[in-house]
Protein chains: 2
Amino acid sequence: MNKSFSLSLFLCNRSRQRFQNSSTLLNKRVFFSVFCCHTVKFETVTIKDIARALGLSTSTVSRALRGSYEISPETKKLVLEYAEKINYRPNPIALSLKERKSRSIGVVVSEIANTFFSQAINGIESIAYNRGYHVIISQSHESYEREKVTIQHLASRSVDGLLVSLSNETIDLSHLKQLHDKGLPMVFFDRITDEINTHKVTANNVKGAFDATQHLINKGFTRIAHITNSPNLSITKERLQGYQEALKKNNLPFDEKLVHYTLHGGMIYEEIQDEIQKMFTARQKPDAILTASDRITTSCLTALKAAGKKIPDDISVIGFTNTNIAELFNPPLSAVRQPAFDMGQAATELLISIIESKRPVTEFETRILDTELFTRESSEHFPPTT
Amino acid sequence: MNKSFSLSLFLCNRSRQRFQNSSTLLNKRVFFSVFCCHTVKFETVTIKDIARALGLSTSTVSRALRGSYEISPETKKLVLEYAEKINYRPNPIALSLKERKSRSIGVVVSEIANTFFSQAINGIESIAYNRGYHVIISQSHESYEREKVTIQHLASRSVDGLLVSLSNETIDLSHLKQLHDKGLPMVFFDRITDEINTHKVTANNVKGAFDATQHLINKGFTRIAHITNSPNLSITKERLQGYQEALKKNNLPFDEKLVHYTLHGGMIYEEIQDEIQKMFTARQKPDAILTASDRITTSCLTALKAAGKKIPDDISVIGFTNTNIAELFNPPLSAVRQPAFDMGQAATELLISIIESKRPVTEFETRILDTELFTRESSEHFPPTT
DNA sequence: AGGCTTAAAGAAAACGATTTATTCAAAAAT
DNA sequence: ATTTTTGAATAAATCGTTTTCTTTAAGCCT
């Protein structure tokens, strides 16, 4: 009695819903629009369907599905079996609304097509998927504007946290500060900032640059140029510091003119080309170059080749890059490699720890992971200085 | 004045479109809901707050925000001004629940750290973000199991459509067929299939391989090996076909032993190394190699170098790859380049057209985009055959 | 003046799930 | 024999919006 009543009520609701959908169409083919209402939809099974089919209430079904002690074993079995049979999957959107979280994290990097970032993303993904989070990747393409837009995009309540590596152009951090103040969990990696107090993960750039510079000095180079990102970035400052420390330790003078900043991190080839040009028309030419990032390194090699410069005969090169084909270059490229995968993993673990923390997190850490130096032919000295 | 209102309204609508949600498997959910029920929450302003503050009903506020004619100009102004003041942003999750779509699309590729795919993703992103869709990228790492899991993950009602490039291992397509039958829009790109009737985007692999082979033949090579992906993939068949057609056209015999399949697409270095080994221990050694993908190409070059083979003196190489530093290789690498960015764009446009179609789409197209051939030193013949 | 239209706003249902509060027997305790 | 407890299920509120259905009051006709 009661049962049949609720059934008919349900049917009533169903048909009303269909009607409502159809009315959004401009024409009046009501009967047809039942089948192709508005945009075509993916048909899904809900908890209501199970409840109706078994003559139970939605609350009972919900509890049965999650094994609540309040439900009798027989009912549980019934529900679980039927759910399995009709391949029921909870609607994650409804869950998100209820629980006020989306189980997704946003990642903002300058470019995917960059060996460092794509490896870091693999690290991020490896942790996130295991912990049940989706990863939404977006690129700033080294533009402050695009970074702002894309972060706004992600943040409008659709991600539970953010993994950020700042763009070359970014100076003002208010777009991030605002979100951070509102309580959106975020972790910075690689290109970090002092202005926001949260977890951070970075490579030991000071040591990486120091080691690379020391290596060049050991090989006998004395006028070492440094082509680097924009001065805004943390990695720029850290790498410059390592470079300077190595010079100082070896009593070599620091010449500002040997430091070339590129505001787009090698994304604009002409920018690098110009710097190479300047380098070779200067009165005092460098004998080696330390490049500060993946893109800068490859653009620089391309520009040197275009300018007809031979490596290492005319000039030596060592670069920060995560390519795994440095060996195949002509000549094989000496490189400082960052632990990209591990950095991505560490950043994601830290982020999820904030997201899932039961109380506001106030103690933050900055993890610094070691780089690796690979010396190959591109940093040889001709003639060798034994 | 008026202008600023319509602007804020516009921003409102835009942000509303951007949304993504998570999907989780039933059993996992249980664990997490227990685990993080008191997590710190991102404070947010809702339509209710506005209604309460202004002494209006939520329906009035909702209508005012979207400029309904039913609301008086004064009320509209009041609401819009207040919404602007407290920085109201519609909750995309609630919208998704209501509209039954997430405005997000899922992308499944084998690897991000692959020049072809990262460029294709740039193309995908460029269209998707303009149309107000989030992009969720996931990787199969060439594994059938991971492809299945990740697609299930994406599909459990959290994405509006899927952009798929199949893994090397995939033979059985039932995981995709099932979703397709249920009405989930999907478009295949690069590694496509005949078994599912939908839009597809691919490079002209037949012509690409034909041109590359013809180029090698023109240079005087007669025993051309082909190292390629698993025989399951469409691209494998197409490239093999182009290769065979070129041989046939030039009256060269087709030798099956010269075709080397790799089941993991170069992801496992040893696999390539073994094939190279076989190649050079065979009775009849090849004089040139056509490699069929980015990873295979680089792994192959690494293996040749490790085996002490000089290119092009000992053997010539031309490969499918989208790297933009082919010039920097030793020697500069001849390459067939796919229009990755354009392919990503085309696939995304087609997918969104299905998603937003008012009626079920039954007519599908397969777009075939031309490849480009770049000849460099790696495919020279020594001594030259004039 | 009574009936009709219309403008403007509010109430309530809906999206799909969870959860608190409630009901209703039957069993246990007084 | 009445009250209390318990087991098992349901009703209803909630999450934030949209949208259909009502209501209210003012303005307009005869």
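Just so it is clear: chains get the letters A, B, ... in the order the sequence lines come, proteins before strands, and each one is counted from 1.
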**Request:** For A:S72, report the nucleic acid contact type (base, sugar-phosphate, nothing); a contact means any heavy atom under 4.0 Å.
**Result:** sugar-phosphate
**Rounded distance in Å - CD1 (B:I50) to C1' (D:dG16)** = 11 Å
**Message:** Measure CD1/B:I93 against P/C:dA14 and give the value in whole Å, please.
**Reply:** 23 Å
**Message:** Classify A:I71 by what it touches in the nucleic acid, base, sugar-phosphate, or nothing, heavy-atom distance under 4.0 Å.
**Reply:** sugar-phosphate
**Item:** Centroid separation A:F188 to A:H180 less than 6.0 Å
**Value:** no
**Asked** Does A:T75 put a side-chain nitrogen or oxygen below 4.0 Å from OP1 or OP2 of D:dA9?
**Response** yes
**A:R103 and A:E356 ion-paired at < 4.0 Å** = yes
**Prompt:** Roughly, in whole Å, what's the span from CZ in B:R66 to P in D:dT17?
**Reply:** 11 Å
**Message:** Under 4.0 Å, counting only non-hydrogen atoms across every strand here, what does B:T46 touch: a base, just sugar-phosphate, or nothing?
**Reply:** sugar-phosphate
**Asked** Who passes side-chain hydrogen bond (donor to acceptor under 3.5 Å, both in side chains) against A:Q345, sequence neighbours left out?
**Response** A:S126
**Item:** Closest-nucleotide 5' rank along DNA chain C - winner of A:I47 and B:P73
**Value:** B:P73
**Asked** Is the distance from OP1 or OP2 of D:dT6 to the nearest side-chain N or O of A:Y69 less than 4.0 Å?
**Response** no
**Prompt:** Partners of B:L54 by side-chain contact (heavy atoms from CB on, under 4.5 Å), sequence neighbours excluded?
**Reply:** B:I50, B:L56, B:L78, B:V79, B:Y82
**Rounded distance in Å - CG (B:L56) to P (C:dG10)** = 5 Å
**Request:** Starting from C1' on D:dA11, measure out to CZ on A:R63 and report it in whole angstrom.
**Result:** 10 Å
**Request:** Using distance alone, with no hydrogens and no angle criterion, decide if A:T150 and A:S138 have a side-chain donor and acceptor under 3.5 Å apart.
**Result:** yes
**Asked** Rounding to a whole Å, what distance do you find between B:E70:CD and C:dA9:P?
**Response** 10 Å
**Prompt:** Donor-acceptor pair under 3.5 Å: do we get one between A:K98's side chain and the base of C:dT18?
**Reply:** yes
**Nearest-Å distance for atom pair CG/P, residues A:N91 and C:dA14** = 17 Å
**Asked** Just to confirm, is there a sub-4.0 Å distance from OP1 or OP2 of D:dC15 to any side-chain nitrogen or oxygen of B:K48?
**Response** yes
**Asked** Has the side chain of B:R100 got a donor or acceptor that lies under 3.5 Å from a partner of the other kind on the base of C:dG16?
**Response** no
**Request:** Nearest-nucleotide wise, let me know which of A:A94 and A:T60 is further upstream toward the 5' end of DNA chain C.
**Result:** A:A94
**Nucleotide D:dT10, atom P - distance to CG of A:L54 in whole Å** = 10 Å
**Prompt:** Within the modelled atom types, does a donor on one side and an acceptor on the other bring the side chain of A:S57 and the base of D:dA11 under 3.5 Å apart?
**Reply:** no
**Message:** OP1 or OP2 of D:dT18 versus the side-chain N and O atoms of B:S62: is any pair under 4.0 Å?
**Reply:** yes
